[in-house]
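First the structure, in the form of structure tokens, and then the observations on it.
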Amino acid sequence: MPELPEVETVRRGLAPSFEDARILRVEQRRPDLRFPFPERFADRLTGRRVTGLGRRSKYLMADLDDGSVLVMHLGMSGSFRVEAGQSEAGQSEAGEAEAPGEFHHPRSKDQRHDHVVFHLEGAARPGAVRIVYNDPRRFGFMTLVERAGLASHPLFEKLGIEPTGNQLDADLLARLFNGRKTPLKAALLDQRLIAGLGNIYVCEALHRAGLSPKRAAGTIVTKAGKGTVAAERLARSIREVIAEAIAAGGSSLRDHRQADGTLGYFQHSFLVYDREGASCPREGCGGTVLREVQGGRSSFFCARCQK
DNA sequence: ATGTCAACCTGAGTGC
DNA sequence: TGCACTCAGGTTGACA
């Protein structure tokens with residue numbers, strides 16, 4: 001489900017509940033998601049204080065006061081919801097399935113897919129809080145990593161640059177794509193080059209830049225290894241689409257929401273994603289949005305104005 | 001190295 | 001109503 005803007009939106013939504021909170025208890029309801037949970041996962045979290053909630057690419061990372069980091073990935077269908085309540089006392093230990101209790105449920109979710117529940121207290125948001133991780137497809141995962149070893153951890157050591165901020169410019173793109181014959185679509189999805197883009201925002205950025213997803217990545221590089229005008233357009237398009245999506249609270253496809261239950265609204269700004277057959281929104285283009293599968297993923301683009 | 005596929009898993013939607 | 005089939009915001013490992 002979530003690409004960088006959605007994960008950043010989730011981070012902002014969870015931060016008031018997570019940051020400075022004490023973890024009172026963790027319910028881990030199954031042995032694995034995409035991967036097995038680490039040994040003694042719940043035990044190692046219990047009693048810890050969360051000192052900060054950060055994000056790297058599509059990973060959420062909660063810094064803990066013992067020097068470890070709780071790393072969380074939402075996969076395709078992961079989401080968090082925050083349920084506020086008075087205190088730990090008085091909750092039913094067993095049949096939580098249908099117990100609304102004193103906790104407010106912002107919306108209905110299939111509780112069979114509630115895999116992890118963090119019970120917290122003491123964050124900026126007052127009172128006790130439950131943070132529930134729900135993930136029907138279970139492509140997400142959680143793990144614990146020592147902060148000191150984070151950069152060299154397999155999950156992070158090969159991760160590319162963030163597509164936010166100004167470091168992503170034409171020359172950097174040129175450096176990343178130089179000599180690559182792989183299509184732009186695949187190159188932009190390659191997390192070792194740029195970390196955080198997914199299918200939606202790659203489609204959108206390529207349309208904004210007027211570049212075909214099938215064009216070879218190396219063709220936006222000059223012989224001298226500098227960025228072409230196309231590289232400039234692409235770099236700007238990526239930065240803009242990501243920034244706009246974050247500002248909009250991400251995209252709410254299907255059931256995805258922000259942690260407080262509100263919907264992101266960037267999906268209304270999609271120019272091509274999931275718009276097969278629509279006329280190209282580019283002024284004066286007159287083309288039609290096509291869908292073609294590339295590397296197992298749908299690319300939505302206009303063959304007329306994306307070259 | 002490069003590019004394509006299948007796999008992981010469930011749910012929603014479509015067409016018959 | 002049921003069934004078969006396709007597709008989905010991600011990642012990784014196996015192939016030719």
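Just so you know, these numbers come straight off a predicted model, no measurement behind them. Naming convention: chains lettered A, B, ... in sequence-line order (proteins, then strands); numbering from 1 in each chain.
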Can you list everything that forms a side-chain hydrogen bond (donor to acceptor under 3.5 Å, both in side chains) with A:R215? Sequence neighbours excluded, please. A:T219
Touch check for [X], heavy atoms < 4.0 angstrom, all strands: base, sugar-phosphate only, or nothing?
X      : result
A:Q191 : sugar-phosphate
A:R192 : nothing
A:R180 : sugar-phosphate
A:G296 : nothing

Exam field: side chain A:R11 to backbone A:L53, donor-acceptor pair closer than 3.5 Å: yes
Checking the side chain of A:E157 only, and the main-chain atoms of A:L155 only, is there a donor and an acceptor separated by less than 3.5 Å? no
C:dG13 P sits how many Å from A:F35 CZ, rounded? 8 Å
Expressed in angstrom and rounded to an integer, what is the separation of A:D274 atom CG from C:dA8 atom P? 8 Å
Measuring centre to centre across the rings, with the benzene-like ring taken for any Trp, is A:F270 within less than 6.0 Å of A:F300? no
What's the closest nucleotide to the A:E3 side chain, out of C:dG9, B:dG3, B:dG11? C:dG9
From C:dT11, C:dA8, B:dG3, nucleotide with atom closest to A:R34 side chain: C:dT11
Respond yes when some side-chain nitrogen or oxygen of A:R297 is under 4.0 Å from OP1 or OP2 of C:dG10, and no when none is. yes
Would you call [X] and [Y] a salt bridge, taking side-chain N to carboxylate O under 4.0 Å as the test?
X      : Y      : result
A:D169 : A:R236 : no
A:D63  : A:R48  : no
A:D20  : A:R49  : no
A:E39  : A:R44  : no
A:R55  : A:E162 : yes

Contact list please: residues 138-146 of chain A against DNA chain C, heavy atoms, distance less than 4.0 Å, in numerical order. A:F139
In dot-bracket form, 5' to 3', how is DNA chain B paired? Count Watson-Crick and G-U wobble pairs only if both distances fall under 3.5 Å, and write | where the partner sits on another strand. .|||||||.|||||||
When the C1' atoms of B:dC9 and C:dG2 are considered, how many whole Å apart are they? 22 Å
